[in-house]
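Notes follow the structure.
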Amino acid sequence: MKFIGIVGTNAEFSYNRLLLNYMQKHFAAEADLEILEVTDVPMFNESDDQTNSPIIQTFNDKITAADGVIIATPEHNHSIPSALKSVLEWLSFNVHPFDGKPTMLVGASLSDQGSSRAQLHLRQILDAPGVNAAVMPGNEFLLGNVQLAFDDEGNLKDQGTIDFLETCFSRFMRFTKISNLLNIPEEITFTPGTFDVTTPGHNGDLPMKVTLSKKRIEKIDIDTSKETEGIADVVFERIPQEIIDGQTLNVDVISGASITSHGVIDGVAQAVKMAGVNPDYLRQRPKAGALQAIPDEEYTTDVVIVGAGGAGLTAAAKTLQEGKQPIVVEKFPAIGGNTVRAGGPMNAADPEWQKQFPAIPGESHTLQEIVAMDPESIDAEYRPDFLALRDQLQTYLAENTDENSYLFDSTLLYRIQTYLGGKRTDLNGQEIHGQYDLVKILTDHALESVEWLEDIGVEFDKSEVTMPVGAIWRRGHKPAKSVGYAYIEALSNYVKAHGGQIMTETDVTSLIDEDGRVCGIVATGAKGQKITIHAQAVVLASGGFGANTQMLKQYNTYWTEIDDDIQTSNSPAITGDGIRLGQSVGADLVGMGFSQMMPVSDPETGELFTGLQVPPQNFVMVNQQGQRFVNEYGSRDTLTQAAIDNGGLFYLIADDNIKATAYNTSQEKIDQQVAAGTLYRDETLAGLAQQLGMDPAVFEQTIANYNRYADEGLDPEFGKDVFDLKVEKAPFYATPRKPAVHHTMGGLKIDTKAHVINETGQVIKGLYAAGEVAGGIHAGNRLGGNSLTDIFTFGRIAAHNAIAEAAE
Amino acid sequence: MKLIGIVGTNSDHSTNRQLLQYMQQYFSKEAEIEVCEIKDLPAFNEPADKVAPATVQELSNKISAADGVIISTPEYDHSIPAVLKSAIEWLSYTTRPLIDKPVMIVGASHGSLGTSRAQGHLRQILDAPELKARLMPSAEFLLGHSLTAFDDNGQLVFPEKVQELEECFEEFRDFVTINNELVKNHQAKAELNRQFSWELDANGGQN
Ligand SMILES: Cc1cc2nc3c(=O)[nH]c(=O)nc-3n(C[C@H](O)[C@H](O)[C@H](O)COP(=O)(O)OP(=O)(O)OC[C@H]3O[C@@H](n4cnc5c(N)ncnc54)[C@H](O)[C@@H]3O)c2cc1C
Ligand SMILES: Cc1cc2nc3c(=O)[nH]c(=O)nc-3n(C[C@H](O)[C@H](O)[C@H](O)COP(=O)(O)O)c2cc1C
Ligand SMILES: Cc1cc2nc3c(=O)[nH]c(=O)nc-3n(C[C@H](O)[C@H](O)[C@H](O)COP(=O)(O)O)c2cc1C
């Protein structure tokens with residue numbers, strides 16, 4: 001028989017450890033007792049899941065594989081030590097190796113009581129549903145006055161005590177045998193057939209057909225059409241496979257797509273139930289491929305790239321084009337990062353193309369405003385460009401006075417708008433604007449990036465020039481296929497077709513730094529194995545830190561407040577890892593205090609595309625008291641700060657006509673959300689106010705005023721001057737909104753060759769960074785559509801220099 | 001009256017933290033409650049020198065200076081979280097500021113039972129000889145369904161729970177006053193308790 005013994009304390013000296021050592025020796029002929037120490041187990045923390053750390057995986061794997069467990073607990077303050085409690089918490093959180101496991105308690109203490117109270121607590125703890133151990137009843141082995149119990153060889157002195165321990169142990173061997181019979185999987189027989197089931201997915205219903213034979217789950221056919229391409233795909237590739245391979249419903253959900261994952265698992269469970277079997281039996285089965293310890297891995301390549309988002313895949317494709325071999329390591333099961341979520345086109349000035357489109361009202365006014373700016377207000381490094389732009393604009397404006405004028409653009413206009421758009425001052429009075437040399441590269445090479453992407457296989461829809469939200473100007477190049485995914489699909493196809501390697505579920509934890517040169521990475525694989533990759537250069541492309549609230553709060557100098565429970569539109573993977581990796585080798589940071597919020601996000605999930613999202617001219621925003629509080633046509637940061645000042649949560653009000661202008665939804669989704677309580681609907685304004693806990697009279701007055709301002713075209717309260725529809729036709733809707741983190745402008749300091757720069761202004765050899773992980777370009781505020789340009793431009797630059805300099 | 005509220009968890013999102021923050025604000029006229037975190041204390045590891053790390057000493061000083069302590073505990077696996085246990089172990093192993101200190105236990109859980117089992121354990125723990133806290137007898141405040149208990153402004157939305165908490169808190173204030181009268185004349189015994197050691201005890205007082 002194979003047992004695991006757990007020493008219930010992290011103290012350097014422990015009688016309980018002596019006791020287990022003694023048992024190991026004494027019972028060696030009957031059982032193999034392997035002793036595990038809790039000393040290196042981190043303190044349990046729900047907010048910092050370390051289930052995948054090697055130490056917890058060791059506990060999990062060994063306990064799972066053992067026939068039974070013996071816990072030796074000291075008594076601290078009438079209970080068990082925190083160090084033991086912490087391990088039990090980890091092992092009842094995301095993994096549950098104690099479930100049904102035969103367990104014996106022993107304890108030694110200095111008092112006569114011999115840890116009796118601690119053992120009673122421990123029994124109750126092991127009985128909690130998350131632990132659910134099969135604790136042997138009775139047979140309490142309590143070793144009191146333990147300081148007198150052992151001789152110098154660590155053997156128990158008292159024969160009576162030894163006899164009792166032997167009795168307890170032999171009972172435990174029998175108990176283990178019998179208990180484990182209960183752990184043999186339940187015999188199951190399905191009523192064979194194909195079952196149609198539907199569960200809620202992320203974007204609506206998720207219908208599927210599940211085929212069961214008498215003994216097996218044979219086939220899972222899912223209608224995947226509604227779920228998000230590029231995000232939910234891995235779920236469909238992996239979860240049905242794991243269910244069928246392991247004939248189990250005990251499968252891990254995919255991080256970043258847990259909703260779809262649960263949809264699939266629950267659907268199969270429903271079918272199993274329809275076939276007459278309790279799905280819990282299948283949930284208790286082991287995972288597919290569980291328990292296989294994976295050996296550590298080691299690779300050597302030319303360039304290793306951290307993160308398979310847009311910047312990382314671009315660097316990989318460029319590496320291949322230059323005849324070198326890249327490995328891209330990605331911590332999530334799915335590639336794409338935030339890039340796959342991007343909803344907008346990318347910016348690039350292409351005057352020849354833009355010329356084909358007529359100008360629209362207001363655009364010449366924007367240009368006139370630039371011409372009218374005082375050159376002294378422009379920072380010196382941008383002033384020559386500004387003056388040259390002013391000449392361009394004056395010429396254009398002089399020649400284009402009629403309605404037939406065309407859409408103007410130039411690299412200079414793009415550069416100055418990027419600069420002006422990013423210029424901000426934080427709460428400490430610190431001014432920031434984009435670093436000139438980086439902004440120049442971005443704007444000079446943007447069009448080249450579009451053309452490069454076309455070569456890679458991204459097809460753009462040239463029939464339309466769009467203005468991404470928050471972009472200030474119409475210079476957006478929009479892929480023909482669904483936006484963010486189009487880039488990721490083309491780039492990853494290119495990388496794979498040309499022999500590049502992308503390793504998913506590989507979380508980079510440190511850089512290899514030899515003689516002041518970065519030459520590889522160390523990562524943790526899906527099964528906890530250590531993966532080492534040696535390379536001539538490392539490119540950090542791991543994105544920003546929008547999903548790391550602690551880090552946002554640590555650096556924030558721009559917002560008066562960032563809530564602990566603030567949501568984000570970002571992938572949960574975007575936690576600033578690359579910034580920490582860079583810092584570990586001395587990297588300097590820039591602009592870290594500046595983050596961009598999306599004011600109109602879902603308060604529960606941070607997503608943009610729930611509720612009714614309508615064009616800003618139709619935004620009617622009211623606070624929790626039912627009053628308007630801001631000019632709804634304002635910029636993202638004005639709306640965000642106004643929302644923060646009004647307690648965060650606010651509502652977007654719509655009537656039936658405004659609802660019709662929503663671009664994100666369908667009647668099915670609306671009904672689903674109303675039913676779920678995430679969107680409010682009512683036949684009257686007063687009723688809506690009541691649902692929202694507002695004073696109906698206040699709310700009705702607010703809407704009456706808004707409608708009057710819409711008629712008059714001007715809002716004397718907050719200055720809204722662009723209106724479309726009024727709020728008048730029932731039913732009325734309220735979409736709850738709250739600002740969520742959208743983008744982080746700050747990051748690693750880089751130079752024009754994408755080198756990471758250290759705190760003394762020197763290049764860190766072998767280390768490059770591209771994309772949201774780097775700072776300096778977007779400064780205080782990123783223009784919509786500029787990130788994509790950034791990642792495809794600097795991703796190429798990073799790879800090019802990494803290869804060129806390795807050759808030197 | 002000056003009280004210390006200890007958040008019994010290191011989780012970023014805790015309804016027990018919300019509960020203490022709510023009490024702090026709701027009872028601001030009756031008492032000054034300082035909410036203290038334990039998430040940055042090191043994990044207890046029985047160091048031979050028995051010296052409290054700076055963060056533990058800081059918490060200990062606050063407790064010593066306060067008239068009473070409120071502990072808000074989550075329930076993990078039918079007991080208190082390891083991180084709270086670790087904080088208590090530090091206090092019991094080094095400075096022992098809880099001796100004779102009036103303590104009120106509250107707790108919030110996502111399920112319906114409101115940490116009843118964790119609170120039971122916590123009472124037994126605080127009664128251990130090296131802690132000897134003065135626990136308010138028989139009054140428990142259990143907040144079940146804690147995920148829906150607070151609105152966006154941190155207000156407790158169950159009216160019957162607000163009332164129960166008011167009653168409990170009033171009783172606790174009386175308890176603090178009476179207890180602190182009682183222990184005035186008890187300094188010598190408290191000092192003895194501070195000297196208590198399981199090692200000494202086990203050796204019949206000979207060390
Ligand atoms: C909802 C949404 C909409 C947006 N819309 C637009 C838009 O319309 N236009 C625009 O220009 N910008 C937009 N943005 C911003 C833009 O998408 C991002 O700034 C950009 O995609 C960042 O690209 P990246 O390659 O730097 O990082 P990402 O694409 O985020 O990729 C980083 C990758 O690194 C991986 N990673 C992180 N840490 C590790 C580690 N330790 N080990 C291994 N891998 C790691 C991550 O899992 C991720 O896959 C939007 C962002 C969001 C969230
Ligand atoms: C545009 C967009 C589309 C998404 N589509 C899906 C989807 O189809 N399925 C899914 O489970 N999650 C999807 N998500 C992600 C979830 O909204 C959420 O961010 C994610 O589930 C959180 O991580 P978790 O699943 O690990 O909890 C999408 C997010 C965005 C921004
Ligand atoms: C490892 C673990 C074990 C848990 N065990 C319990 C339990 O036994 N009883 C319970 O009511 N809640 C349990 N929970 C759920 C909640 O964390 C618990 O209800 C807690 O009291 C909520 O308090 P908080 O909001 O301050 O974290 C457990 C959670 C974790 C992570």
Side-chain angles (χ1 to χ4, degrees), chain A residues 9-14 39 41-48 74-93 109-112 117 120-132 144-148 549-550 563-565 603 624 647-649 693 738, chain B residues 9-14 17-18 38-48 74-93 98 111 117-118 120-133 151-154 157 197-204:
Chain A
T9 172
N10 56 5
E12 267 176 46
F13 177 81
S14 156
T39 312
V41 175
M43 176 59 78
F44 176 77
N45 186 336
E46 210 181 338
S47 313
D48 181 14
E75 181 168 298
H76 285 182
N77 315 131
H78 288 184
S79 187
I80 65 168
S82 52
L84 173 58
K85 184 73 202 312
S86 173
V87 181
L88 296 174
E89 286 168 7
W90 284 121
L91 299 179
S92 64
F93 184 48
S109 88
L110 296 170
S111 74
D112 299 334
R117 288 167 294 212
L120 279 178
H121 277 194
L122 184 53
R123 275 179 191 277
Q124 290 170 328
I125 291 165
L126 292 170
D127 201 33
V131 193
N132 201 33
N145 297 318
V146 68
Q147 67 282 20
L148 312 170
T549 309
Q550 265 174 347
D563 271 356
D564 280 331
D565 61 354
Q624 296 164 51
L649 180 70
K738 201 171 178 178
Chain B
T9 173
N10 50 2
S11 169
D12 290 345
H13 305 284
S14 160
R17 185 176 295 118
Q18 281 180 301
I38 55 173
K39 58 184 175 194
D40 295 326
L41 305 188
F44 176 68
N45 61 352
E46 253 185 288
E75 178 169 301
Y76 283 0
D77 300 330
H78 293 183
S79 188
I80 64 170
V83 67
L84 174 57
K85 184 75 206 313
S86 168
I88 294 174
E89 283 165 348
W90 275 120
L91 297 175
S92 77
Y93 189 73
L98 284 167
R117 295 157 297 202
H121 278 193
L122 184 53
R123 278 184 178 272
Q124 290 172 332
I125 291 166
L126 291 174
D127 205 27
E130 63 279 37
L131 285 153
K132 278 247 187 288
D151 67 15
D152 282 325
N153 301 320
V157 297
S197 129
W198 287 104
E199 291 86 349
L200 268 175
D201 194 49
N203 294 335

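Naming convention: chains lettered A, B, ... in sequence-line order (proteins, then strands); numbering from 1 in each chain.
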Look only at the side chain of B:S14 and the backbone of B:R17, and say whether a donor-acceptor pair between them is shorter than 3.5 Å.
yes
Is chain A contacted by the side chain of B:I125, its backbone, both, or neither, given a heavy-atom distance below 4.5 Å?
both
Select one option (side chain, backbone, both, neither) describing which atoms of B:P81 are under 4.5 Å from chain A's heavy atoms.
both
The interface call for B:D152 against chain A, heavy-atom contacts under 4.5 Å, is side chain
Quick one, B:I88 and B:L122 - any side-chain contact, counting heavy atoms below 4.5 Å?
yes
Relative to chain B, which of A:L84, A:L649, A:N45 shows the most heavy atom pairs under 4.5 Å?
A:N45
What part of A:S109 is in contact with chain B, defined as an atom under 4.5 angstrom from a non-hydrogen atom: side chain, backbone, both or neither?
neither
Checking B:Y76 side chain against B:A118 main chain: does a donor-acceptor pair fall under 3.5 Å?
no
Highest number of heavy-atom pairs under 4.5 Å with chain B: which of A:K85, A:E12, A:H121, A:H76?
A:H121
Among A:G130, A:G647, A:P81, A:A83, which has the most heavy-atom pairs under 4.5 Å with chain B?
A:P81
Establish, from distance only, whether the side-chain atoms of A:N77 and B:E89 form a donor-acceptor pair under 3.5 Å.
no
Looking only at A:D48, A:I80, A:T39, A:T549, most heavy-atom pairs under 4.5 Å shared with chain B are made by A:I80
Do B:L84 and B:I38 touch side chain to side chain, with heavy atoms closer than 4.5 Å?
yes
Using modelled atom types only, decide if a donor and an acceptor are shared between the side chain of A:Q124 and the backbone of B:H78 within a distance under 3.5 Å.
no
